[in-house]
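Shown next, in C-alpha cells, is the structure this report addresses.
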Amino acid sequence: MGYKAKFRVWRGEGGEGQLEDFTVEVNEGEVVLDVIHRLQATQAPDLAVRWNCKAGKCGSCSMEINGRPRLGCMTRMSTFEETETITVTPMRTFPVIKDLVCDVSFNYQKAREIPSFTPPKDVKPGEYRMQQIDVERSQEFRKCIECFMCNNVCHVIRDHDENKPAFAGPRFLMRIAELDMHPYDELDRKESAQEEHGLGYCNITKCCTEVCPEHIKITDNALIPMKERVVDRKYDPLVWLGSKIFKR
Ligand code: SF4
Ligand code: F3S
Ligand code: FES
C-alpha cells in the first residue's frame, strides 16, 4: 500500500545550501532513488541527482541517507518506518556541485597517481600462469563499483581536507594492495604505499568495509595485509623478493 513519506533533502550549490522538507508519495517495493525521482517529477524539477543503472552496479547514486552513506537505488523504503523523516544529503567528503551531486574528481586524481600493472617484459600474453588463490584474491577487489562511499566515510579525509593530498583513501589503497599481491607485477609498491599514498594514516577503523555495497573486506583483505607487507619489507627486503619468486 502506498503512503506519504517525509523527506528532508539537501538543496544548494556553490558551497551554500539548506535542507528542504517535502512530503512525497511512496509505493510498495520502491527504493529511495524512486522517491527522489518522484520529487523531481512532481515538486522539484531542478533537483540534481546522479544515477545511471538503478541496479547497484554503476556506483553513481552514492548519497547519505539519515547520515549513512548508501546507494539510493539499493536502499529500500521498507528499511524505514513510514512515520520517519528521511534525510538525504550529498556525500560529505567531496565538494557539492549541486544538491545531491558531488565533484568526485579527487578519486580520479588518486587513481591516476597509481602506476598501472607492470608485468615482466619477457612474459607474453598467453604465457601468464597464476595460482587459483591469486586469481580469487584479486577477484574480490575487482567487484568494486567505484561508488567512493568508502573514501567518503573514512575519517582521515571526511572532515580533513588537509589530509587529501597525502591520502589515497581505502578504495585506492586497496588497488595498490591488489597490484602488490599480483604475482606478475614487478613494481615494489610498499614504500610508495606508505610514503606517497598514505597507508600509515589508516588506523583500521573499518568504516570503509562497513559501507561497501559489494561487501568487499577492504580492511581485512587489502589494508591490513598491505600494512603487514610494508612491515616485512622494512625489516627484510628478501621477504619481498621471495614472495614474488615463489608465487610464480
Ligand atoms: Fe564502493 Fe566498495 Fe569500491 Fe569502496 S571498495 S568504492 S565502497 S564498491
Ligand atoms: Fe579509513 Fe578504512 Fe582505514 S575507514 S582508517 S581506510 S580501515
Ligand atoms: Fe547505479 Fe545506483 S544508479 S548504483
Side-chain angles (χ1 to χ4, degrees), residues 30-38 40 47-65 67-77 79 88 90-94 99-102 104-111 114 137-164 166-179 181 193-194 196-230:
E30 287 186 333
V31 294
V32 168
L33 188 61
D34 290 319
V35 180
I36 299 281
H37 283 160
R38 184 166 298 114
Q40 273 183 326
L47 174 64
V49 59
R50 186 185 279 135
W51 67 284
N52 275 288
C53 70
K54 213 169 169 284
K57 285 295 160 222
C58 73
S60 303
C61 66
S62 307
M63 53 184 75
E64 299 197 6
I65 303 173
R68 185 186 164 90
R70 287 176 179 273
L71 296 179
C73 74
M74 296 303 284
T75 306
R76 293 196 169 278
M77 286 301 296
T79 319
V88 186
M91 285 193 285
R92 189 160 105 192
T93 302
F94 313 116
D99 303 334
L100 301 177
V101 176
C102 293
V104 291
S105 53
F106 162 82
N107 301 286
Y108 300 118
Q109 176 59 36
K110 293 296 169 184
I114 300 170
R137 191 183 291 121
S138 71
Q139 262 169 356
E140 182 192 10
F141 305 142
R142 284 176 169 266
K143 287 192 301 179
C144 175
I145 58 169
E146 303 223 305
C147 65
F148 303 128
M149 293 200 294
C150 55
N151 279 6
N152 171 54
V153 83
C154 180
H155 70 97
V156 175
I157 47 175
R158 187 165 169 87
D159 288 310
H160 295 280
D161 274 353
E162 70 279 12
N163 287 339
K164 283 183 176 171
F167 187 65
R171 194 277 167 259
F172 297 106
L173 291 169
M174 178 176 86
R175 173 77 180 139
I176 294 168
E178 178 195 338
L179 290 166
M181 290 173 193
Q194 193 74 3
E196 293 164 32
H197 305 292
L199 182 63
Y201 282 80
C202 165
N203 57 350
I204 320 181
T205 57
K206 297 198 182 186
C207 308
C208 51
T209 302
E210 273 176 36
V211 299
C212 177
E214 287 294 318
H215 307 293
I216 303 170
K217 293 196 170 76
I218 307 168
T219 321
D220 286 352
N221 291 349
L223 306 183
I224 293 174
M226 194 63 201
K227 280 174 176 284
E228 287 169 352
R229 286 164 166 255
V230 169

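Values below: all heavy atoms of this structure, side chains included; hydrogens, waters and symmetry mates excluded. All ligand and atom numbering here is 1-based and tracks the order in the structure.
- Asn107 places a side-chain N or O within donor-acceptor distance of the main-chain N or O of Val104, the cut-off being under 3.5 Å.
- Proximity of a side-chain donor or acceptor of Ser62 to a complementary backbone N or O of Cys147 within less than 3.5 Å is detected.
- Atom 8 (S) of ligand 1 has as its closest protein heavy atom Ile145 N, 3.4 Å.
- In this structure, Val211 has no heavy atom closer than 4.0 Å to ligand 1.
- Looking from atom 2 (Fe) of ligand 2 to the surrounding protein, the closest heavy atom is Cys208 SG, 2.3 Å.
- Residue-ligand proximity, Thr219 to ligand 2, at heavy-atom distances under 4.0 Å covers atoms 7 (S).
- Atom 3 (Fe) of ligand 1 has Cys144 SG, 2.3 Å as its closest protein atom, hydrogens excluded (heavy atom only).
- Below 4.0 Å from some heavy atom of Arg171 lie the following atoms of ligand 1, by number and element: 6 (S).
- Looking from atom 3 (Fe) of ligand 2 to the surrounding protein, the closest heavy atom is Cys202 SG, 2.3 Å.
- With a 4.0 Å cut-off on non-hydrogen atoms, Leu223 touches ligand 2 through its side chain and not its backbone.
- Among the atoms of Cys212, none of the N, O or S atoms falls under 2.8 Å from atom 4 (Fe) of ligand 1.
- Enclosure of atom CZ in Arg76 is not indicated, since only 12 or fewer non-hydrogen atoms of other residues, nucleotides or ligands lie within 6.0 angstrom.
- Near Ile218, with a cut-off below 4.0 Å to any heavy atom, the atoms of ligand 1 are 5 (S).
- Asn221 and Glu140 form a side-chain donor-acceptor contact under 3.5 Å, judged by distance and modelled atom types alone.
- In terms of protein heavy atoms, atom 4 (Fe) of ligand 1 is closest to Cys150 SG, 2.3 Å.
- Note: Phe148 and Tyr108 meet the aromatic proximity criterion, with ring centroids under 6.0 Å apart.
- Residues Asp99 and Ala48 share a closest heavy-atom pair of OD2-N, 2.8 Å.
- Of all the atoms in ligand 2, the ones that sit under 4.0 Å from a non-hydrogen atom of Pro170 are 6 (S).
- Residue-ligand proximity: Met174 is placed with a non-hydrogen atom under 4.0 Å from ligand 1.
- In summary, His155 places no N/O/S atom under 2.8 Å from atom 1 (Fe) of ligand 2, failing the contact criterion.
- Among all non-hydrogen protein atoms, the one lying nearest atom 1 (Fe) of ligand 2 is Cys154 SG, 2.3 Å.
- Side chain of Lys227 to main chain of Ile204: no donor-acceptor pair is present (N/O by atom type, distance under 3.5 Å, no hydrogens or angles).
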Note to self: Using side-chain contact (heavy atoms from CB on, under 4.5 Å), reason through Ile114 and Leu179 one step at a time and then give a plain yes or no.
What the structure shows: CA-CA 10 Å; Ile114 300 170; Leu179 290 166; 4.1 Å; yes
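- Of all the heavy atoms of Ile204, the ones lying under 4.0 Å from any atom of ligand 2 belong exclusively to the backbone.
- In terms of modelled atom types and a separation under 3.5 Å, the side chain of Arg158 and the main chain of Asn152 share a donor-acceptor contact.
- Nearest protein neighbour of atom 6 (S) of ligand 1, counting heavy atoms only, is Phe148 N, 3.3 Å.
- Within 6.0 Å of atom NZ in Lys164, more than 12 heavy atoms from other residues, nucleotides or ligands are found, so the atom counts as buried in its surroundings.
- Between the side chain of Glu64 and the backbone N or O of Arg92 there is at least one donor-acceptor pair closer than 3.5 Å.
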Checklist line | Worked verdict on Arg175 versus Lys110 for side-chain contact (heavy atoms from CB on, under 4.5 Å) | finding: CA-CA 11 Å; Arg175 173 77 180 139; Lys110 293 296 169 184; over 6 Å; no
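- Applying the 4.0 Å criterion to heavy atoms of Asn203 picks out, from ligand 2, the atoms 5 (S).
- Nearest protein heavy-atom contact of atom 1 (Fe) of ligand 1 is Cys147 SG, 2.3 Å.
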Next item on the list: Please step through side-chain contact (heavy atoms from CB on, under 4.5 Å) for the pair His155 and Asn203, ending with a clear verdict.
Entry: CA-CA 10 Å; His155 70 97; Asn203 57 350; 2.8 Å; yes
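- Closer than 4.0 angstrom to ligand 3 lie heavy atoms from Trp51, Asn52, Cys53, Lys54, Gly56, Lys57, Cys58, Gly59, Cys61, Cys73.
- Annotation: side chain of Asp220 is not in contact with side chain of Thr209 (no heavy-atom distance under 4.5 Å).
- Between Leu199 and Val230, the shortest heavy-atom contact is CD2-CG2, 3.7 Å.
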Margin query: Would Thr93 and Met91 count as a side-chain contact (heavy atoms from CB on, under 4.5 Å) here? Give the steps.
Written below: CA-CA 6 Å; Thr93 302; Met91 285 193 285; 5.8 Å; no
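- Considering only non-hydrogen protein atoms, atom 7 (S) of ligand 2 sits nearest to Lys206 N, 3.2 Å.
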